[in-house]
Structure formats: structure tokens, C-alpha cells
Amino acid sequence: MIGTFLKRLFWLVVLMLLQVLVFNHVQILGYATPMLCVYLILLFPLGTSRSQILLWGFATGLLQDIFTNTPGMSAASLTLVALFQPDLLKLFASKDFVENEDAPVPSARSMNWPPFLRYVFVAVLINQMAFYLLEAFSFFNPIELGINVGGGTLMSFLVIVAMEGVRKGYTKKQNP
Amino acid sequence: MNNLSEFFKKYNHWFLFVLLEAASIILLFRFNNYQGSVWFTSANHMAAEVNRWHHDAVGYLNLKDVNQRLSAENMMLQQQIAQLREALDMQDDSLGANDRVVREALSGFTLIPARVTSNSILKNENYVVINKGRADGVETEMGVVGGGGVVGIVFLAGEHYSLVLPIVNVKSNISCRLRGQRFFGNLQWYGGSTLFAYLNDIPRYAKIRVGGVVETSGYSEVFPPGLFVGRVTQIANAPDGLSMQLKVNLGTDFANLSDVSVIVNRNKPQIDSLRVDLESFETAQNG
């Protein structure tokens, strides 16, 4: 229990550092900044208490907000993703994965790539839509809003998939 | 109770979700200028809208009171209009040129202003009722003048009302003269139009012209001398052939009579007592 908690904390620190030091400076024409923090929320296995996921989502978002000076935006959008995370997992994962009593951590290895990609993509989309809607706070400029959401979703998706690839290779090496 | 606690246990993550989102939104509005201002303005807009609804509803419920107040005010204003209209009418009456002449002629006399409460012009024996009586100092055989000139003589004086015998009564007989000449006669009315009366007993040798002024002679104690009565419009022979009969256009419009003045005659008691003395003297002589 403590082990998983510390592991998550470690992941949180790593993701936050990456986000703050690297990915916040990545942008294409002012759009499409990747946001990784949603990755942490996606790694909760089925059967985890929903309240726990929500609290993690909120805390992660708040931490990111503190670093990017956008109080409330990431916290709200990540809490939203945390609310839907178990349902998304049930929706996209295979029957075997859902009924597995070991409740494995969601990953490309445990879920296979296609369901995992769909799972990540929808979660990232929800996160980005919530974030940019809160940022714009109006439908005054829907085209710019669409570009923001689309670019952000695409970049975040790509980065998360790349990280998942790295993680998969790492776990493969560790547990042959 | 059990069900309730189970319900809370089962859906507690929803409550937590709402709580966390609320916290996020509060942070959002509190620490972001843009979102804060949007929230502030739209919240203000909403509050204003709700206030407007409330105000409209209260205004609708208060319409009854407002209506009553308006009715009362309306009534008050209408009364005021009536009073002002009356005052204006009186003002118009008193501004006539004739009126000023009459006033000047009567400047040395005490006048009792009165209003006509009843009037008739269609009969041969017309009477005018005025709203002043003995309580106001009106006595019988006092002269009554109006804006246009002589009106008549008080015939009966009641406590608060008096009956006036106007020129346009066949019983009326007022001693008149022609202005600038000393010829005098009796002004009489024979019925018909109230615009004209006849001045009898003017000698045939008098030089009279149409348009000459007829005024009171002052030979009776009722009117002071020189009060305007009317103008000569027609000169004719009297039925007896010995004198002239002048048709006089009366200065007073009896069909439109409202404000008159009663001339107080201070000498009348003295003259009356002299008459009584004379009568007693004559009876003493005869007897």
C-alpha cells in the first residue's frame, strides 16, 4: 500500500519535472503544449477507490497549476478525468482485463496497444477539452478553441504514447 | 437510515468530485483575472436580472395602491381646476370697462358683493335672488349694481338671501336722466327682450341723440347719481304725445348675470325717519 503510494509519488514528481522543465516550453505556433499529468491518473488499476483517484487527480492538477500559474484549470480538468477513469477503462479494455482479479495496472502490455491507445486518446481529449474550455471561458472564438484542443490533444497523446513505449520496453527488460 | 448511509457510501466519490470541482472553480475565479472578471460580470448580470424580476413583481402587486393614490390626486386636481376656473371667470367679469366705470362711480359707497343664485328673464315679472341677506347688511330698497351697470333694487331681504327686483320686471320703475343734460324720466320695462327698456317722460324739446348715456338721477335714495344704466338706441314719441319715449339698450346683460354688488345706503334710516315724522306731522295737522 505504502509502496504503491510512494511509487505514485515518484511518478508524480517525475512527470511534474518533465512537464515543468521540458514540455511547458514545447509549442507549435503558440498551440499544442503537451500535458502529461493525465498519464498518472490513467495508471490506476481497476478496483481502486474512486475517491482516491479523484484526490490524486485534484492534487496533481493543483501542483501543475502552481507551476504554470493557472490556478484551478488543471485541477478541475484532471479531477474530471479522474472521475471517468474507471469507466473509460471498463469501456475500452478487453473482457479479460476487466475480469482479471489481480487488477493489473493499465498499460500497453496488459491491455494490448489498440485498446490502450483508444483509452489514452479519449482521456486526453476530455482533459484538454475541459482545460481549454475553462481557459477560454466562452465560445466567443470557437476556431481558436478547436485548434487549442486538437493540438493539445494530439501532442499530449503522442508524448504519452512515447512514454508508454519507453515504459513497456523498460518493464520488458526488467521482467523478461 | 441504513439506506441513506449506504447511498452515501456508494456515491461518496460524486460528492468528493463536486467538492473538488468547486474548489477548482473557486481557485479559477479567485486567482485568474480573466475568468474572475467574466464570472463577476455575468454574476452581476444575473443578480441584476433577478432584482429586475423582483422589482417588476412588487411593482405589479403595488399597482392597486398606486391606482388609489392616482385617483385621489386626480380628484384633488379636478377640484383645483374647478376652483381656478371659477376664480378665472370672476376675474374676467370684474375686468370689464363698464365695471371699472361703475366701481369709480361707487368708490365712496360701501358695497356688499353678492352672487346671483337664481335668475329669470323669460317672464314679465322677473326676479333675481342673491346670496346675501340681512345678516350681511342687505336691507330692502337698496340698489344692486352689476358689472354692466344698474341691475335693480332689493325687494325683499331674507336672513341670508335677498330677492331683487331687476330693471327687467314690469313693476320696476327707476328714476334716470341723460348724462350731460338735466332731463330725467322713469325707466320702465314692458316685457319682451331683456336687452332693452324704455325711458319715459323726457320733454319734447330736449336735445337727444342716439348713443347718449342714460344714468341714474339720484332723486331716489336707492342709487347715487351718475350710475350707468344704458345707451339710447331709438327716439320716439310717447303714446300720450306730450313727451318722448327713448328706447335704452341696457348695460347689464340679465341673461348672463353672476356677480353683483349691493349699495349700502347709510342715509336711508334718516330719510325713513323724516318720512315718518312728516306723516305724523300731517296726521297731527289734519287731525
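Everything numeric here is computed off the predicted structure, so don't read it as measured data. Labels below follow one simple rule: chain letters A, B, ... track the order of the sequence lines, proteins then strands, and each chain is numbered from 1.
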When B:I26, B:L16, B:V38 are compared by non-hydrogen pairs under 4.5 Å with chain A, the top option: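 Heavy-atom pairs under 4.5 Å are most numerous for B:L16.
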
Most contacts with chain A, counted as non-hydrogen pairs under 4.5 angstrom, among B:F31, B:F29, B:F15, B:F17: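 The option with the most such pairs is B:F17.
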
Side chain / backbone / both / neither for A:I53 at chain B, heavy atoms under 4.5 Å: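 Contact with chain B involves no heavy atom of A:I53 at all.
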
Heavy-atom contact with chain B under 4.5 Å, split by part of A:A136: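 Only the backbone of A:A136 comes within 4.5 Å of chain B.
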
Over all atoms of both residues, closest heavy-atom pair of A:L134 and B:L28: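 Nearest heavy atoms, A:L134 then B:L28: CD2-CD2, 3.6 Å.
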
Pick from A:A75, A:A76, A:G57, A:P71 with the largest number of heavy-atom pairs that fall under 4.5 Å of chain B: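 Of the candidates given, the most pairs with chain B belong to A:P71.
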
Output all donor-acceptor pairs under 3.5 Å across chain B and chain A; consider backbone as well as side chains.
residue	atom	partner	partner atom	Å
B:H13	NE2	A:R50	NH1	3.3
B:E21	OE2	A:L80	N	3.3
B:S24	OG	A:A76	N	3.4
B:N32	ND2	A:P71	O	2.8
B:Y34	OH	A:A136	O	2.7
B:Q35	NE2	A:L134	O	2.6
B:Q35	NE2	A:E135	O	2.8

Sorted by number, residues from residues 70-81 of chain B in contact with chain A (heavy atoms, under 4.5 Å):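 Expected list: none.
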
Does atom [atom1] of [X] have more than 12 heavy-atom neighbours from other groups under 6.0 Å away?
X      : atom1 : answer
A:M129 : CE    : no
B:L84  : CG    : yes
A:F121 : CZ    : no

Chain A contact via B:I25 - side chain, backbone, both or neither, heavy atoms under 4.5 Å: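 The side chain, not the backbone.
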
